[in-house]
Amino acid sequence: MHLHFIENGPALLVEQEQRVLVVADLHMGIESGLERYGVHITSRSNARAERVIACIEETEPDLLLLLGDVKHNVPVTTRQEYRELPRILQSFRELVPIAVTPGNHDGGIDRFLLEGELLPAGGTIIDGVGYLHGHTHPAAGLSSHLIILGHHHPVVSLMDAVGCAARARPAYLYSVFEEPTGERTRLLFVPAFNEFAGGIDVGLLRESGLGPLSRCIDEKNAEVFLADGTYVGSPATLCPAEIDG
């Protein structure tokens with residue numbers, strides 16, 4: 001198995017017998033959600049879709065796997081989402097087959113999908129790899145596999161020698177935990193594709209309570225990678241220290 005980090009996403013190409021391009025947390029329609037809080041931003045859905053298409057053209061995958069939270073607004077589907085999602089998803093289909101692992105923001109997403117594109121909420125195995133949005137417990141069949149999941153929006157703030165932090169950057173977090181059966185399950189938390197989605201520092205994910213698998217992170221031995229695949233350390237060493245005063 002080969003994992004290729006696509007920096008221009010961030011996205012991940014999983015290459016085995018199949019080439020699966022993984023894009024997590026698109027949150028299409030986020031602009032109309034922000035508008036309800038008084039933040040007015042012109043829709044960037046087209047530009048976001050073009051970035052996905054650029055990743056497809058760069059990697060030439062056999063499957064585009066949208067790893068949940070394809071849409072943003074809950075519990076309703078907004079006019080923006082009704083207007084934009086059919087066209088955007090069709091633009092992906094014209095290049096590659098698509099599949100969706102539904103996320104907690106994806107109520108009603110099935111109305112925009114074709115038969116066979118919606119995967120089980122508890123995750124699925126494709127070519128020996130487990131895929132899950134991350135807000136639910138994984139299906140039993142995913143144990144002992146590598147599970148790739150979104151939902152947590154991991155980011156990392158790199159500190160310099162005097163304690164100043166750069167802007168938080170999208171990050172991947174890899175961790176291993178032992179099942180009660182003694183089997184080892186590997187987890188790869190992938191960053192959000194949406195540029196407005198925000199994130200949680202990798203050092204705070206375990207205590208975030210965002211999903212059941214976040215509690216399985218081994219903060220001491222987990223590995224953190226930037227969007228281009230650069231290894232930068234473990235959550236225990238990268239979590240920003242508290243500063244008195």
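As the structure is a prediction and not an experimental result, all values here were calculated from the model.
- The closest side-chain heavy-atom distance from V23 to L64 is below 4.5 Å.
- Other residues sharing the hydrophobic cluster of L12, ordered by chain and number and joined by side-chain separations under 4.5 Å: M1, L3, F5, V14, V20, V22, L63, L65, L67, L119, I126, V129, Y131, L146, I148, Y172, Y174, V176, L188, V190, F225, Y231.
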Quiz item: Can you check side-chain contact (heavy atoms from CB on, under 4.5 Å) on R184 and E179, steps first, answer last?
Solution: CA-CA 6 Å; R184 287 161 58 86; E179 302 275 3; over 6 Å; no
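- Proximity of L26 to N194: side-chain heavy atoms (C-beta onward) are nowhere separated by under 4.5 Å.
- Under the 3.5 Å distance criterion, with hydrogens and angles disregarded, a donor-acceptor pair is assigned to the side chains of S32 and N73.
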- request: Might you work through the ring pair (Phe, Tyr, Trp, His ring centres under 6.0 Å) test for H135 and H105, ending with a clear yes or no?
  value: CA-CA 10 Å; H135 65 302; H105 284 250; 9.3 Å; no
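- When side chains are defined from C-beta on, V224 does not count as touching T237, because their heavy atoms never get closer than 4.5 Å.
- Contacts classified as ring pair (Phe, Tyr, Trp, His ring centres under 6.0 Å) and involving residues 180-220 (residues at least two apart or in different chains) are given here: H152-F189.
- With rounding to the nearest 0.5 Å, the separation of OG in S234 from CG in N221 is 7.5 Å.
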For this session: Evaluate side-chain contact (heavy atoms from CB on, under 4.5 Å) for Q80 paired with E31, printing each intermediate quantity in order.
Result: CA-CA 9 Å; Q80 180 188 358; E31 295 85 0; 3.0 Å; yes
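- Side-chain N or O atoms of S175 include none that pairs as donor or acceptor with a backbone N or O of I217 at under 3.5 Å.
- Within the 4.5 Å cutoff, the side chain of F112 has no heavy atoms near those of the V70 side chain.
- Not counting sequence neighbours, R186 has no partner by the salt bridge (Lys or Arg N to Asp or Glu O under 4.0 Å) test.
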